[in-house]
Structure formats: structure tokens, C-alpha cells
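Quick note on labels: first sequence line is chain A, next is B, and so on, each numbered from 1. Just so it is clear, the model here is predicted, and its values are computed rather than measured.
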Amino acid sequence: MNIESLIREGVLNAVKALYGTEVDVDTIQIQMTRKEFEGDLTVVVFPFTRMSKKGPEQTGTDIGEYLIANVPSISKYNTVKGFLNLVISSEYWSDLLNIILNEKDFGIIQKDENSPLVMIEYSSPNTNKPLHLGHIRNNLLGFSIAEILKGTGKQVIKTNIVNDRGIHICKSMYAWQREGKNETPESVGKKGDHLVGDYYVKFDKLFKKEVADLMATGLSKEEAENAAPSINAAREMLRRWEANDPEIRNLWKTMNEWVYAGFDVTYKKLGVDFDKIYYESDTYSVGREEVLRGLELGVFERNDDGSVWANLENEGLDKKILLRSDGTSVYMTQDIGTAKLRYEEFPIDHMVYVVGNEQIYHFQVLSILLDKLGYKWGKSLYHFSYGMVELPQGKMKSREGTVVDADDLIEEMVEVARNTSNELGKLDGYSEEEKSEIHRMIALGALKYFILKVDPKKTMMFNPEESIDFNGNTGPFIQYTYARIKSVLRKASDAGIVWNSKTNNSMLGTKEIELIKKVSVFPEVVAEAASTYSPALIANYCYDLVKEFNQFYHDFTILGETDAEKKFFRLQITEVTGRIIKTGMGLLGIECPERM
RNA sequence: GGUCCAGUAGCUCAAUUGGAUAGAGCAACAGCCUUCUAAGCUGUAGGUUAUGGGUUCGAUCCCCGUCUGGAUCACCA
């Protein structure tokens, strides 16, 4: 039993013995003792003053005395105001470290065949433009949440719904057909997603010019936007696409292939992957059938012009269109079809959509629609809505070119990592391949940590002018500490030291105890991160752990310690810390180099 | 306008979910490498937690009002 449970039980018994009342376990609050007071764990005694009918100080003392007498691991106590600070014995911490040392994957719960199955949808790009910083946040969050859920014993399927059809891709297709001169990624030496994205921007320029020209002839903005030749050409393309026109389908296929090849490169660089990929072009028709079925069930309505609607006014929402008057599908239609296919294919216990908070309304509606269609899982879908990434100028807009491109950003990060590393010269003597592999790890560590350390729900700021730091609360700082740890452990092994035997310690220093305390809460942090879907908790924990370790490393010598018992103990705590860093960072999708 | 989210040091972010004197990093200043990797460690300075009320032993956190910023309410995705 862990120390918190022991204290909880002790307090429970104390209150019963001293004041003759049963107390609800939830009212027993235990927290880490603040650094400025003596003690390891603290019980908040305010809730018990009602039962004791004494002041908080006296109540704390009563309970403290009881705990000392009845709970062996508690060696001392003091009360400050309403806080009962408990000192836990060195033996307890020493034993705890030993348990952790001998656990294979400390903090990780292995799945078994009975583990619930969670499907996580993330990434879900449109195929008309390359990935940017906003997509990076999505991809990193999705991947990390998948890893964290796996770490708590869930079966996880990572999925991606590719929005490969629709007016957006037709815009790029039209512009390419008009101005592309048969350019291909090969012919211009450019990644396919970037090439297609260029034509998306070209389309927008053309469209804007046409609208301006038409408005100059006296049309209103709305009229001009409907009359612009380019948009009508794109719409015509979409219509022909839905009608299976071979020419359009071929062009669509070709350009999408270019984009996929480009995405694959970016995904690989980011280190994210998927177990199952769905394409909107395959699922939208299933969605349409579902909508028509809903119409027959009487849960949807058909308008005079032929469009199909869901009336959600009883749910406090508006009317929502599901099929256009020309019978074509909208975004929502596709999501219904995709959901149905997924549940047919997998025994999903829990569905998680990693999609930005701008789509909160969309998922509210989706959930209700699936429920109306009779799917019992409709109401249980979880929209993990994360905040946008903003630039100092405000929101990123693909069409206006105010985006931070994913590939560019990664390249820049690698460049900074290389320069910094070369300046420090710690990798001198390594081959170019080894060096660039380490530079890559550090660059991605910096980028990923920068994004994941922020509470996912919050809007975050990224300033491209100031490159991401490598010092302080950063990924490289944590990686660096890991490299240091590995270096010490290598030296110890080389010297033939064997440190895995149980050490006998009744004289741990406060810094050492602090470290063990920090280390020991790792499983709780993972559990918390999983239940709140927050990689940021893991990131900030890793930082705290590493900061604690660096102080320890600075204040004590490990290999230079002459007392063998102490030396073994310090190697143990060093090894355990290293393992947790690696596991924790792994949950964020960040690799740790053995040296840097 | 309706609904939802946010506002914490100059900047970027934390705060164990209602607990003790609100913490880190960056930027600034001052120290620490003959010693296990200085991408490190230590110190100084920086705050009316947007604002006004309320709830209670106790509020950055919960409730109400105000201000500011953002998202959303499409036959877009």
C-alpha cells in the first residue's frame, strides 16, 4: 500500500478514535508539503475541526500524535495553522526507490485483451494545401494522447479521415488546369502538397481579382462572389466529380497523390502515424444513405427545394443542413458516414476526435444526429477540442499566406539545433550521420515540447521572429539531462560498478528524498494526463523532475562518492530518473539521445 | 445579437482542481567550470491574478455584474 493510502487510513481511524465520528474519505486532503516547512506530506485538517470542536492547531496535533503511534512509516509531525505536516521515514523512501528500480515499465500499465478500445481521430487534413503549425499542434496532441492512453492500458487505434473531396480541392485543380502548364512535383522539384497549395493560393488571387472587377461594374459583393467565373468553374468541377466524370476524377486522383506523398514526408518527420486511414471520398456516400434513412425514420425533414435538414431547435440549437438541394453532401454528411463505418469495422468503446475548438458546435450537432439515427454511441463521442495557435499578427490563414509552414519550421529547427550543437562542440568526433540524427532529435524535441507543454485547451502564441529556445523549460533541456544521466551510468558500467543491489539507507538527504518523491508520483501523473487528455501535465512533470535532478547532480557527486552504499543509492536514483524521463518524453512522442 | 472560451511578472507559460508567503523559463543584473556533459547550478529584481461585488476558516480557481480579446451560429470545411 502506498503512503497516501496509509495516511488516509490512519486519519480515518484517528478521527473515529478521537472524536467518535466516521469521516468521508474524500474529505481527507493530502498534498505535498511545501518546501519551506518540515515534512513530506501534509494533511489539511480544517475539515475535521467541526468534529473535534477544537481549533485547527490542536486538532492537527491530536491527529499527528495518533498517526505517530499507529502508522510506522510516519516518523515526525508538526502543525502549522491548519496543516499537519508529516515526516516520512528514510526507510520508507529507500524501500520505495527499490521497488521502482525493480519495476520494468514504471508508470505504464500494460493492456490485455479485455482492455477497452479507444479510437482516436487526429490530423484529418484537407488535401488542397500543405500542413502548417496549426496542424502540427493537432498531430502532436493526437499522437501524444494516443501514447498516453496506451500507457494507461487502453487499446488504441489511431485514425485519420482525409478530406480529399470537396470544393477546396477543386479550386486547386481548376487553377492548376488553367495556369499549371502540366507542372508536376518532379518537374519543378517541389513537394506535392506545396505545389497543390500554391495553386490554391493562385485560385484565391484569381477569384479575388474577378470579384473586384465585377464589383467595379456595379455588382454587390455577394453577387460578384457568385458570378465569378473561377468559382463557377470549380463548382462545375465538383459536380462533374460527383458524376464520376473520368477526366475530372483522373486529375483529382493525380493531384491528391501528389499531396499524399508530401504529407507522408511531413508525418514521417514529425514521427506520427496511423493505424487506419479513411477517405472522405469513400465515406460521404455512406453518410448520404444514413441521412436518407433518417428522412424515412422521420427524424430529418426535406425542404421544398429538395434539401434535407435536421431541426435541432428542441435541443437548443438551430436547423442544420445535411444534403444540399442538388443532393450533394456537406461536411456533416461525411462525418456521419465515417462514424458508421468505423463502428462497423471496430468494437469501439470510446471515440475521441482531436479537432480544434472552432468546431465545438459541429461536434455537438454530430453527436445529436448520430443519436437521432439510433446509434447508442452517438452521445458518447468525445470531442477533444484544443485551442488555436496564434501568431503575433493574429490567426493563421492559408489563403492569405500568413501561415507557418510545417516543413519550413522543422527545417529551421534542425538548422538551429545544428548551429547550437556545433558551437558547443560536444559531438566532435562523431560521424555526420550520427550528428544529424542527434540534431534531428533535438530540433523535434524543442518543437514538440514547446507545443505540448501548453494546456491543450488554451489558445497558444507562437512568435516566428524568436526561434524556439533550447534553454530553460524546453525539450532540449530535458534531453540534455537525460544525456548527462546516460553518461554517468556509462562511466559507472565501464568502471565495473554494479549498483542494482538493495541499499540500506537510513540517512537520506533532503534533496535525495525530494527526488524520490518526485519520481514516485509519475504513475499518478500519467493517470491524470490520460483522464484529462493533457500531455501538458506530462511535459511539466518531466521539467520538474529534471530540474530536481539537476540540483541533485550539482550538489552531490555520484561516481566520486567514497561510501559505496551511498554511491549505489545515487546511481539507482540516477537510473530511475533517466528511465522516467525516457518514458515520459516517449509519451509526448519525443526521443531522447544518449548523448548531446 | 444568441451561445461558448479565455484574461496570472515586460514576454511565453505553471499553480496538485477551494489550501500555507501565486511559481518556472525567456529577457535584465550578479555569481559558479582543474572535479560525473555549464544546453547546467545559485542569487537579485519583477504581481492589487483584467475589474467590482458575493459565497467561507480560506478564492487565481466557485457564483453574479462590468471591461477586453477570441471562437461559433453557412446549401464552407
Using the [atom1] atoms only, state how far [M] lies from [N], rounded to an integer number of Å.
| N | M | atom1 | answer |
| --- | --- | --- | --- |
| rG10(B) | rG46(B) | P | 11 Å |
| rU12(B) | rA27(B) | P | 15 Å |
| rU3(B) | rG40(B) | P | 48 Å |

ask   = Given that F552(A) and E528(A) both sit by RNA chain B, which one's nearest nucleotide is further toward the 5' end?
value =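 In this pair, the answer is E528(A).
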query = Quick one: on RNA chain B, does D455(A) or R165(A) contact a more 5' nucleotide (nearest heavy atom)?
reply = D455(A)
inquiry  = Test ring-ring contact (aromatic ring centres under 6.0 Å, His included) on F552(A) and F549(A); report intermediate values, then the result.
reply    = CA-CA 5 Å; F552(A) 163 77; F549(A) 180 82; 5.7 Å; yes
task = Confirm from the modelled atom types if T42(A) and rA20(B) form a donor-acceptor pair under 3.5 Å, side chain to base only.
result = yes
query = Once you round it to whole Å, what is the distance between P of rU37(B) and OH of Y482(A)?
reply =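 Rounded to the whole Å, the gap is 15 Å.
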message = Does the Lys NZ or Arg CZ of R165(A) fall within the cation-pi geometry relative to Y284(A) - under 6.0 Å from the ring centre and within 45° of the axis?
response =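 Flagged: R165(A) positioned over aromatic ring of Y284(A).
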ask   = Which nucleotide in the list rU42(B), rA20(B), rG40(B) gets nearest to the side chain of N471(A)?
value =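 My answer, after comparing the listed nucleotides, is rG40(B).
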request  = Could you please name the option among rA77(B), rG40(B), rU37(B) that lies closest to any side-chain atom of H362(A)?
outcome  =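 Selected nucleotide: rA77(B).
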query = Taking O4'-C1'-N9-C4 for purines and O4'-C1'-N1-C2 for pyrimidines, is rU68(B) syn (within 90° of 0) or anti?
reply =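 You should classify rU68(B) as anti.
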ask   = Should rC67(B) be called syn or anti, with syn set as within 90° of 0?
value = anti
message = Any base atoms under 4.0 Å from E524(A), or only sugar-phosphate, or nothing? Heavy atoms, all strands.
response =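 No contact.
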Identity of whatever pairs with rG7(B) - Watson-Crick or G-U, under 3.5 angstrom =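 Its partner is rC67(B).
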task = State whether K518(A) and E548(A) are salt-bridged, where the test is any N-O pair (Lys NZ or Arg NE/NH1/NH2 against Asp/Glu carboxylate O) under 4.0 Å.
result =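 No, this pair does not count.
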task = Please determine if a side-chain N or O atom of R490(A) lies less than 4.0 Å away from the OP1 or OP2 oxygen of rU37(B).
result = no
task = Would you indicate, yes or no, if rU37(B) has its OP1 or OP2 atom less than 4.0 angstrom from a side-chain nitrogen or oxygen of S487(A)?
result = yes
